[in-house]
Amino acid sequence: MGRSSSSPSSSIDSTSNLTPLSPSSPNSSSSSSSICLSSNFTSRTTRRSIRRDLSTDLRLGLSISSSPKHVLPNNNVVSIQRVDNQQRPDWPPIKPLLRSALSGRSAEERHGAASSLFVKVYMEGVPIGRKLDLLNHDGYANLAETLAHMFKAPILCPNGSRAHSDKHYVLTYEDREGDWMMVGDVPWEIFMSTVKRLKITRADRC
Amino acid sequence: MDPKRARESPESAVLSRPSAFPDEVLERILSLLDTHKDRSSASLVSKAWYHAERWSRARVFIGNCYSVSAEILVRRFPNIRSVTLKGKPRFSDFNLVPQNWGADIHSWLLVFAEHYPSLEELRLKRMTVTDQSLEFLALKFPNFKSLSLLSCDGFSTDGLSAIATHCRNLTELDIQENGIDDISGNWLNCFPDNFTSLEVLNFASLNSEVNFDSLERLVTRCNLLRILKVNKTITLDQLQRLLVRAPWLTELGTGSFIQELTPRQYADLETSFKGCRNLQTLSGLSEATALYLPALYPACANLTFLNLSYAALQSEELARLLAYCAHLRRLWVLDTVEDKGLEAVGQNCPLLEELRVFPSDPFDEEIVHGVTELGFLAVSYGCRKLRYVLYFCRQMTNAAVATIVRNCPDFTHFRLCIMNPGQPDYLTREPMDEAFGAVVKNCPKLQRLAVSGLLTDLTFEYIGTFAKNLETLSVAFAGSSDLGMQCVLEGCPKLRKLEIRDCPFGNKALLSGLEKYESMRSLWMSACKITMNGCRLLARKMPRLNVEVMKDEESNDGQSYKVYVYRSVAGPRRDAPPFVLTL
């Protein structure tokens, strides 16, 4: 399986004229800040199937905090909300419980994970599972298609007829309460909010 | 009567008359006095009144636990049944006070065990409470009824087990927003089977799952239960079963509001909400979506307080919900509702007195969402009775604030947090001085103010000149010079609490308030321009103040200090940790 590998930076080429600070310097990737231009972006994207338009995600690769700076009357320059891209624990002034409830969500988003909801997928009989990003799909049909591709097996689209027999597989999921359910009975949004993992089981077992 | 005698001083005339009021009658009358202020005033009238008041006082409120000692307390008030104590400075909520700072309840409990064995109620805020203390409380006070812990730390759910096990007469268990060790939900199982006195149960901020059967049985047998706030692990169908058992609740905090419900389950939920006719307060609703919110509508008719600060609602969802909440007086929301949602507030809630808008994405300033000055304006046009606001936003204008306070002159609490420090009026690029000037000029009843944005000394000149009823002031990243702080100290006669961080106020400002601090509860200053010498001078000149200094770990030059100054009749505290220097 191909893994994405970082291509060698052109500045490593010893014959080129090196400048000390090139935009592709290694430091930049760890402190990239992204500007999300999607106007519907909310902190609940993990619960909704809003897809991030990745082409408008600009990763600036700057190693400085990009928070707006203001000069206070006493000439102190203040850049507050991030210190080295970490949250400040003391600003803004919200109480610890709310802070942890919100930063839990925001942290996911900052790692780009609000644009992804990865769940484990196992196929019956196969010990090694896969991982799949549910937020990259907009519905059950799309999901079934991806899975069929991933596992090279015909997955029954939940809306399809059940006439097919043992050559097909059906998709089941484990919900928050620990119960295994057939995929497709509830609206996609509800499914997204309760699914913990997926399992592809043989059709004749259901 | 001898005319000469008639011209004697009134006091001696009174003293020489035999008392018309036996002490018992005086005590009985004074015992009807409710508020602490009234009781304080009464105790100052005369010696007789002082003693009558102190014998009849049953409830005591101590705003700073270090301002008085337990020994002094029990000496003055022998018959206390209810104690309310506040500990750490408020900025400890924002991680500005290190761990193990103090405010431990245990030494108080030891004294109470000896002098107040009939203690019934303990309400603590920002205190350190250990499991050992909770067990001690549960075992030593057989009449104990009511425990409220808000923003406390140091205990675990094991401590709650002790309370549940041993407090036979418990009526209230209110655990809110504490930094606790949440080991398990087993504490709920510790209430004995014959225990039926519970009236208030709030465990909304605990994370561990509780045994639902235990909870259901508890709710069933406690038929005086009127306030129930469960945590997120309680599902919707479980909530439905609880509501069926306790439809007479006046305050409800739901668990998680998202679940796959069958149509039948949804109908049942709706029916049980319909049965809750007495609901005045509703909270929880975590992860509530448009799908299930309508189940709530029938329960909202009498709602006066709606707390949506854990439910990230969108503007339409809020608007539809508010259509059913015409009697709302208090509303807390996340800024996911945006300005459009606040317009709906203005349109639907004419009786609104309190609005709090919390930031849903406080740590990422690149995402421009949330609420702006427009939302606040919309509320002010529709809700003229507004008197308490806490508003987190990313942009504001002087003009908007001026209009808002013209619409709503009754503000008593105005807390505006423009989240980017030092941010000017985004339209005119001017400082926000005129905004807060307008607030203090237009709102004569203002008691509490929190300022933000780009502010010069002018803001503080306005405050000192106009805010004559101001009791609490919070300042961060503001001011130009010592003059700012001086104006406030000189101009605000009723000032009790002043908390300042990251401002250019130095020793001159600190020392300008020497006499003032004795009439205040406390002063907090951190990341300002105070030096150790300034603090020492203050401590030397005002021996009855406690001046506590902590080194500011985060400061770059090692010169920055956190100073906490407060008046006390108990002298310097004996439990100060090594990092707190008492001067």
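In what follows, chains are A, B, ... by sequence order, proteins preceding strands, each numbered from 1.
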Contacting moiety of [X], where chain A heavy atoms sit under 4.5 Å:
X: B/Leu390; value: neither
X: B/Ser151; value: side chain
X: B/Ser92; value: neither
X: B/Pro431; value: neither
X: B/Phe91; value: neither
X: B/Thr235; value: side chain
X: B/Ala450; value: neither

Would you say the ring centroid of B/Phe505 lies under 6.0 angstrom from that of B/Phe460? yes
For B/Thr472, check side chain to side chain donor-acceptor pair (under 3.5 Å) against everything at least two apart and list the hits. none
Test the B/Lys562-B/Trp524 pair against the cation-pi criterion, namely NZ or CZ under 6.0 angstrom from the six-membered ring centroid and within 45° of the ring axis. no
Pick one: which of A/Tyr122, A/Tyr140, A/Phe191 meets ring pair (Phe, Tyr, Trp, His ring centres under 6.0 Å) with A/Tyr173? A/Phe191
Do we see a donor-acceptor contact under 3.5 Å between the side chains of B/Glu338 and B/Ser315?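 Per modelled atom types, B/Glu338 and B/Ser315 side chains form no pair under 3.5 Å.
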Give me the ring orientation class for B/Phe436 and B/Phe414: parallel if the planes are under 30° apart, tilted from 30 to 60°, perpendicular past 60°.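 The rings of B/Phe436 and B/Phe414 stand perpendicular, inter-plane angle above 60°.
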